[in-house]
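Numbered from 1 within each chain, the chains take letters A, B, ... in sequence-line order.
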Amino acid sequence: MSEHIFALIDCNSFYCSCERVFQPALNNKPVVVLSNNDGCAIARTPEAKALGIKMGTPEFMIRKDKTMRQTHIFSSNYTLYGDMSQRVQDVVREFAPECEVYSIDELFVKLEKYKLIGVVEHARAMREAVLKWTGIPTGVGIGPTKTLAKIANHLAKNTPDCGGVFSLMEEGTRNLILDEFPIEEMWGIGKASTAKLNAMGIHTAGQLRDMPARQARQYGTVVAERTILELRGISCIPLEEIPPVRKGTAVTRSFGKPVTSLDELKQAISTHAARGAEKMRHHGVIAGRIRVFMHTNKYRNTPQFYGVECGSLRPYTNDTRQIIREAMRLTEIVFRGGIEYGKCGIILEDLLPASEKPQDLFSDDMPHSPNLMKALDSINKRHGRNTLQMAGMGLNKKWKQRSERRSPCYTTRIDDVPIVRAI
DNA sequence: TCTGGGGTCCTAGGACCC
DNA sequence: TCTGGGGTCCTAGGACCC
């Protein structure tokens with residue numbers, strides 16, 4: 001039986017690296033990128049980590065703290081990151097056509113074909129090409145299963161002198177490493193599992209790998225069993241080259257400041273509903289159900305409230321008007337006065353490819369919908385999001401989030417393309 | 001005294017991921 | 001003053017059906 005060879009390519013501090021590509025003066029300086037609403041740090045460079053900034057450190061703490069304040073802070077710019085991600089993928093595919101896009105900054109590939117020329121050398125060449133052609137630094141971990149490739153990737157980033165590539169294909173090395181590797185750093189082992197395993201005396205990946213079957217059953221689920229087999233080098237999680245069809249899609253946001261009025265809530269929900277409909281059209285799907293929710297800010301010391309209501313969409317649709325209509329009906333049901341809301345959103349469920357739309361005898365169809373929506377989308381694509389919108393979405397959107405330090409869309413907006421001048 | 005068994009669907013909640 | 005958003009999978013329990 002021929003052995004699998006998985007590699008995981010992971011972009012280093014991806015969002016920060018994207019910002020650095022266009023501001024090279026920030027290399028070797030602490031940089032963070034904030035969440036939506038400029039709430040907290042979601043990406044940090046090693047220099048920022050060294051200052052004590054953690055994943056989720058609030059923005060105001062970074063700004064106030066004496067050592068942290070030297071950090072360069074960016075609002076998140078998903079248009080830029082999405083485009084840079086696409087460029088990284090394009091380079092990786094040239095070196096490894098069997099490729100799964102695992103997240104915006106991670107790709108799994110299979111490398112069996114490169115065994116003769118040397119898998120590690122090939123990975124190194126790929127990594128250098130990604131850096132040269134996109135400006136994004138990466139780490140590559142190699143192993144006989146995805147779980148082991150993930151661990152190898154962790155080592156690639158934290159082992160000086162490995163040139164950004166680490167392989168766990170060789171069994172001897174693997175055993176030595178796993179005996180030292182803490183379980184809480186493993187893929188699929190979160191807080192709850194760590195506590196459970198620690199209580200059983202399991203602290204390292206090596207101990208987990210050698211756990212007797214009886215004890216393993218006591219510990220957990222199918223997922224745990226799979227992880228243990230993967231640690232033993234038996235591949236249970238295959239490469240998924242074709243992304244599975246989404247089951248649902250959500251648009252949710254915190255408010256820039258607390259919202260109390262039904263009017264503003266309706267504006268926000270209809271804005272999210274319109275964005276949800278747009279996302280569905282982009283993916284060529286329709287929804288059979290929509291859920292609307294709103295809740296208070298859990299960090300504030302005010303009476304807490306969480307409300308949610310679900311309604312069906314018949315016929316299945318991705319038409320902005322129908323989605324907003326149902327969302328407004330649900331909003332009025334859920335809404336309660338006298339509450340300071342912190343966040344709201346919509347979730348579209350029961351998604352189907354638009355081509356598989358169920359026939360429906362009892363509800364009116366909108367024959368002109370596809371063309372109208374197409375026109376709406378192309379106008380907004382050319383002139384910017386919500387250039388053309390439904391009246392209910394509101395014009396001044398006072399509830400909107402902050403995003404004060406967003407960088408330009410260097411690679412996707414012609415007005416934002418950097419200009420190089422010869423001196 | 002005796003009181004089936006198996007299946008589906010739905011929802012809620014937990015855990016985990018990036 | 002200020003603490004993200006968007007996903008997946010699994011399990012348990014209730015309702016309902018034959």
Side-chain angles (χ1 to χ4, degrees), chain A residues 8-15 32-44 53-65 68 73-78 81-82 85 100-108 146-147 150 153-154 183-197 219-227 236-237 240 243-258 272 275-276 279-280 283 288-289 291 293 295-302 306 308-310 312 340 342-351 401-405:
Chain A
L8 176 69
I9 301 108
D10 182 317
C11 303
N12 302 346
S13 327
F14 181 55
Y15 298 168
V32 302
V33 172
L34 301 173
S35 61
N36 271 312
N37 210 21
D38 288 352
C40 58
I42 54 165
R44 320 96 88 207
I53 299 173
K54 299 204 168 61
M55 202 71 169
T57 300
E59 183 265 351
F60 68 90
M61 273 174 61
I62 303 174
R63 205 161 19 85
K64 269 164 74 176
D65 184 278
M68 292 183 189
I73 303 174
F74 289 89
S75 300
S76 39
N77 181 348
Y78 287 103
Y81 311 149
S85 173
E100 169 188 340
V101 179
Y102 177 66
S103 75
I104 194 164
D105 69 332
E106 283 174 70
L107 300 105
F108 279 109
K146 280 183 167 179
T147 302
K150 269 270 188 187
N153 185 273
H154 199 273
I183 46 164
E184 61 265 34
E185 305 284 356
M186 281 181 55
W187 192 38
I189 309 284
K191 250 194 190 156
S193 300
T194 301
K196 224 165 167 182
L197 287 165
Y219 151 57
T221 61
V222 209
V223 186
E225 226 175 291
R226 228 175 40 182
T227 300
C236 305
I237 311 173
E240 280 185 45
V245 180
R246 277 221 200 308
K247 308 216 157 106
T249 188
V251 181
T252 70
R253 292 282 182 282
S254 303
F255 296 120
K257 54 183 93 171
H272 301 338
R275 176 69 192 128
K279 270 165 85 174
M280 286 202 289
H283 290 111
R289 208 153 44 148
R291 203 179 284 270
F293 73 84
H295 59 79
T296 39
N297 182 340
K298 63 181 174 193
Y299 296 103
R300 285 170 71 98
N301 209 3
T302 48
Y306 179 90
V308 60
E309 198 65 45
C310 176
S312 47
E340 294 197 341
K343 181 173 175 174
C344 71
I346 59 112
I347 304 164
L348 294 154
E349 296 170 316
D350 289 359
L351 301 189
Q401 305 193 325
R402 289 176 300 275
S403 188
E404 287 163 4
R405 290 177 249 248

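Nucleotide C/dC18 forms a pair with B/dG5, judged by Watson-Crick or G-U wobble geometry with both contacts under 3.5 Å.
The pair A/K150-A/E106 meets the salt-bridge criterion, with a side-chain N (NZ, NE, NH1 or NH2) lying under 4.0 Å from an Asp/Glu carboxylate O.
Within 4.0 Å (heavy atoms only), A/M186 reaches sugar-phosphate atoms of the nucleic acid but no base atom. Contact annotation for A/R289: backbone-only contact, meaning every heavy-atom pair under 4.0 Å involves sugar-phosphate atoms and none involves a base. Using a 4.0 Å heavy-atom distance criterion, A/L34 is classed as making no nucleic acid contact. Nucleic acid contact for A/K257: none, since no nucleic acid atom lies under 4.0 Å from a heavy atom of the residue. A/T57 comes within 4.0 angstrom of no nucleic acid atom, judged by non-hydrogen atoms across all strands. Within 4.0 Å (heavy atoms only), A/K64 reaches at least one base atom of the nucleic acid. Contacts of A/N37 with the nucleic acid, taken as non-hydrogen atoms under 4.0 Å apart, are absent. Counting non-hydrogen atoms under 4.0 angstrom, A/D105 reaches the backbone sugars and phosphates but no base. In this structure, A/T249 reaches the sugar-phosphate backbone alone: every heavy-atom distance under 4.0 Å involves primed, P, OP1 or OP2 atoms, never a base. Using a 4.0 Å heavy-atom criterion, one finds that A/K343 contacts the sugar-phosphate atoms exclusively.
Note: A/W187 and A/Y102 have perpendicular aromatic rings, judged against thresholds of 30 and 60 degrees for the angle between ring planes. The aromatic rings of A/Y81 and A/Y78 sit perpendicular, their planes meeting at an angle over 60°, well past the 30° parallel limit.
With a cutoff of under 4.0 Å to any heavy atom of chain A, the contacted region of DNA chain B is bounded 5' to 3' by B/dT11 to B/dC18.
Taking the P atoms as reference points, C/dC18 lies 24 Å from B/dT3, given to the whole Å.
Projected onto DNA chain C by closest heavy-atom contact, A/N297 and A/K279 fall at different nucleotides, the more 5' of which corresponds to A/N297.
Listed by chain and number, the residues in a salt bridge (charged side-chain N to carboxylate O under 4.0 Å, His left out) with A/R63 are A/E59 (sequence neighbours excluded). Applying the salt bridge (charged side-chain N to carboxylate O under 4.0 Å, His left out) rule to A/R246 yields no partners; only residues at least two apart in sequence or on another chain are considered.
In this structure, A/K146 forms a cation-pi arrangement with A/F108, its terminal cationic atom sitting closer than 6.0 Å to the ring centre and no more than 45° off the ring axis.
For the 3.5 Å distance criterion, the side chains of A/D38 and A/S75 qualify, holding a donor opposite an acceptor.
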